[in-house]
Amino acid sequence: MKIANSTTEYAGLRTALDGLAAPRVVYVPTMGALHDGHRSLIKLAKSLGEVIVVSIFVNPLQFGPGEDYARYPRRLEDDLQVCEADGVDIVFVPSVSDLYPAGRQVTVDAGALGSILEGASRPGHFNGVLTVVLKLFNIIRPHVAILGEKDAQQLACIRRMVMDLNLTIEIVGAPIVREPDGLALSSRNIFLSASERAVARSLSAALEKAATQASVSAARAAAYEVLDRAEAEPSFELDYAAIVNPSTFAEVPEDHVGLATFVVAARVGSTRLIDNTTINFAPAPWT
Ligand code: AMP
């Protein structure tokens, strides 16, 4: 496994690849503190190409003032061991000054999709995400990039950017990996106390209940039954719960038929958690 600590070092490795018999380069962007969710992306990457690149970069541009940039877990040594064990070929670990040298000015605007729901709660977040992802795509030059469905709106923004800016990279979404009780794995879960961890389960529990319902209103009601109970706990504060179009993230109408994404976000103690599930609303049966 090769480790590149700067853009220049990576460029050297990447140029060497161009001399080989056109290997498919598959890329997994991460912020590190790798868990089984990340590992599932690496596993999927290995099934899709020959050269697996993982980046580890906690991107300051996507954290707002007062968010958890400073305390975000950083565990590079452990992460490198995970990458080595999982058969990653190149780990790219740039520094902040390498990716954001003084004098930089141009950023990506995520548009309307980037300013609703998660984007409304975290202004500028998706502009920061798209800016770093575009930079990383240009540096790494992969054929395929794997992104987790855990961050559904992020995945939609990246797909939108690929379309709108004519990128030639293929984007593959990977299913959410969960704890046995349903909680979606996240690098932030380590911040949860035992009692917060118990109430954090409400997010996936609400989605699970919603997913078995036949209509948008029934799904919303089933989810709120769980979420209202969680809100009785002082540590739990719901941010949003919405049933949206999987591409535009606009709320679907009450009579919606077909696929929709149920997205939820909540603060549990000092930790912000997000989750989502896909629901296929069937047409009403003929009477
Ligand atoms: P992060 O390190 O949180 O930026 O995540 C890096 C990538 O891993 C993103 O594409 C995430 O959507 C994905 N990811 C994070 N948690 C999970 C999970 N529980 N299951 C699947 N993918 C995940």
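Counting convention: from 1, in listed order, for ligands and their atoms alike. For the single chain, residues carry numbers from 1 onward in sequence order.
- A cation-pi arrangement is not found for R71 relative to F63, the charged atom failing to lie both closer than 6.0 Å to the ring centre and inside a 45° cone about the ring normal.
- When only interatomic distances are considered, the shortest N/O to N/O separation between K150 and ligand 1 does not fall below 3.5 Å.
- For the atom pair OG1 (T261) and CG (N276), the distance works out to 6.5 Å, reported to the nearest 0.5 Å.
- In this structure, P175 counts as a contact residue of ligand 1, since one of its heavy atoms falls inside 4.0 Å of the ligand.
- Residue L147 has no N or O atom closer than 3.5 Å to an N or O atom of ligand 1.
- Here atom 13 (C) of ligand 1 lies nearest to L41 when heavy atoms of D79, L41, N189 are compared.
- Atom CD of E225 has 12 or fewer heavy atoms from other residues, nucleotides or ligands within 6.0 Å.
- Geometric assessment of R267 against the ring of F236 yields a negative cation-pi assignment under the 6.0 Å and 45° thresholds.
- In the vicinity of I176, heavy-atom distances shorter than 4.0 Å reach the ligand 1 atoms 20 (N), 21 (C).
- If you look at H35 next to ligand 1, the close heavy atoms, those under 4.0 Å, all belong to the side chain.
- Of the polar atoms of P29, none of the N or O atoms is found under 3.5 Å from an N or O of ligand 1, judged by distance alone.
- Using 4.0 Å as the threshold, F57 has no heavy atom nearer than that to any atom of ligand 1.
- Every atom of ligand 1 is numbered from 1 in the order shown, and the set under 4.0 Å from a heavy atom of G37 is 18 (C), 20 (N).
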